[in-house]
> 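Okay, here's the structure, questions in a sec.
When a ligand or atom number is given, it counts from 1 through the structure's own listing order.
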Amino acid sequence: MNDVKLAVLGGEGTGKSALTVRFLTKRFIGEYASNFESIYKKHLCLERKQLNLEIYDPCSQTQKAKFSLTSELHWADGFVIVYDISDRSSFAFAKALIYRIREPQTSHCKRAVESAVFLVGNKRDLCHVREVGWEEGQKLALENRCQFCELSAAEQSLEVEMMFIRIIKDILINFKLKEKRRPSGSKSMAKLINNVFGKRRKSV
Ligand SMILES: Nc1nc2c(ncn2[C@@H]2O[C@H](COP(=O)(O)OP(=O)(O)OP(=O)(O)O)[C@@H](O)[C@H]2O)c(=O)[nH]1
């Protein structure tokens with residue numbers, strides 16, 4: 001059984017809860033409690049693998065205070081970074097979050113493999129009042145090795161589901177890469193035994 005931990009981050013009111021709730025329940029409620037953080041749990045079967053998925057949806061007020069993201073970076077296997085296409089300041093916030101996640105210091109000391117990141121331009125149904133171009137989102141994502149899409153939590157249930165499934169698949173690929181890079185337990189134990197006893201035998 002794989003445990004997959006996903007953090008949904010972004011500026012205030014960008015639709016983090018709407019996206020998460022849409023994925024988990026296929027519903028769009030419209031108003032979501034925003035004064036507390038939540039960890040949602042879901043059991044999933046993906047590519048014949050059983051998964052325990054945890055999705056962290058922070059409270060925006062505390063998120064601002066904790067901009068260092070230290071605990072999220074330790075906890076999460078992947079990140080969905082959300083901005084609102086009708087709010088330029090939320091795009092600047094998303095950019096800062098991505099830079100923080102991709103900081104060489106952060107990615108090198110804590111991770112053997114770079115975290116999976118999905119940049120999401122939400123509220124696509126509001127494109128008549130758009131402030132952030134599709135190309136800008138795409139460029140930011142490309143430059144920082146992230147996946148990217150624009151969608152509407154309000155109107156596009158399937159797209160929301162596909163986005164979550166894609167990042168979960170990326171996380172599973174990263175798990176495999178980490179496994180490959182780590183010397184297997186039995187091999188390294190054999191090496192150790194060989195080093196200790198093999199050498200001694202020779203000297204006797
Ligand atoms: N038009 C439109 N409104 C949306 C969409 N997604 C979310 N909203 C609205 O945006 C507002 C904020 O949504 P939330 O899901 O609470 O956003 P949040 O990022 O979790 O908010 P905080 O936790 O307060 O930062 C709510 O009024 C939602 O109904 C969308 O795709 N289109």
> Could you tell me whether some N/O pair between Leu151 and ligand 1 is separated by less than 3.5 angstrom?
no
> Applying the side chain to side chain contact (heavy atoms under 4.5 Å, CB included) test to Val113, which of Asp77, Ile173, Leu177, Ile171 qualifies?
Leu177
> What atoms of ligand 1 come within less than 4.0 Å of a heavy atom belonging to Glu31?
27 (O)
> For atom 4 (C) of ligand 1, which of the options Lys16, Glu12, Lys123 provides the nearest non-hydrogen atom?
Lys123
> Any N or O on Arg124 sitting closer than 3.5 Å to an N or O of ligand 1?
no
> Provide the number and element of each atom of ligand 1 under 4.0 Å from a heavy atom of Ser152.
31 (O)
> Please work out, at 4.0 Å between heavy atoms, whether the side chain, the backbone, both, or neither of Asp125 comes within that distance of ligand 1.
side chain
> Do you know which two heavy atoms are closest between Ala94 and Leu119, and how far apart they sit?
CB-CD1, 4.1 Å
> Is it the side chain, the backbone, both or neither of Leu126 that has a heavy atom closer than 4.0 Å to ligand 1?
side chain
> Which heavy atom of Leu6 sits nearest to which heavy atom of Trp75, and what is that distance?
O-CZ3, 3.6 Å
> Ion pair present between Lys139 and Glu135, side-chain N to carboxylate O less than 4.0 angstrom?
no
> I'd like to know whether NZ of Lys5 has more than 12 heavy-atom contacts from other residues, nucleotides or ligands below 6.0 angstrom.
yes
> Report the part of Leu19 in contact with ligand 1, treating N, CA, C, O as backbone and CB onward as side chain, heavy atoms under 4.0 Å; options are side chain, backbone, both, neither.
neither
> Check each atom of ligand 1 against the heavy atoms of Ala18 and keep those under 4.0 Å away; list them by number with element.
6 (N), 7 (C), 15 (O)
> Can you figure out which of Gly30, Gly13, Pro58 has its heavy atom closest to atom 12 (C) of ligand 1?
Gly13
> Should the pair Tyr83 and Phe91 be assigned to parallel (<30°), tilted (30 to 60°) or perpendicular (>60°) ring geometry?
perpendicular
> State plainly whether the residues Glu103 and Arg100 are in salt-bridge range, i.e. N to O under 4.0 Å.
yes
> With atoms numbered from 1 as shown, which atoms in ligand 1 lie under 4.0 angstrom from a non-hydrogen atom of Ala153?
6 (N), 31 (O)
> Can you name the nearest heavy-atom pair linking Glu150 to Val132, along with the distance?
OE2-O, 4.3 Å
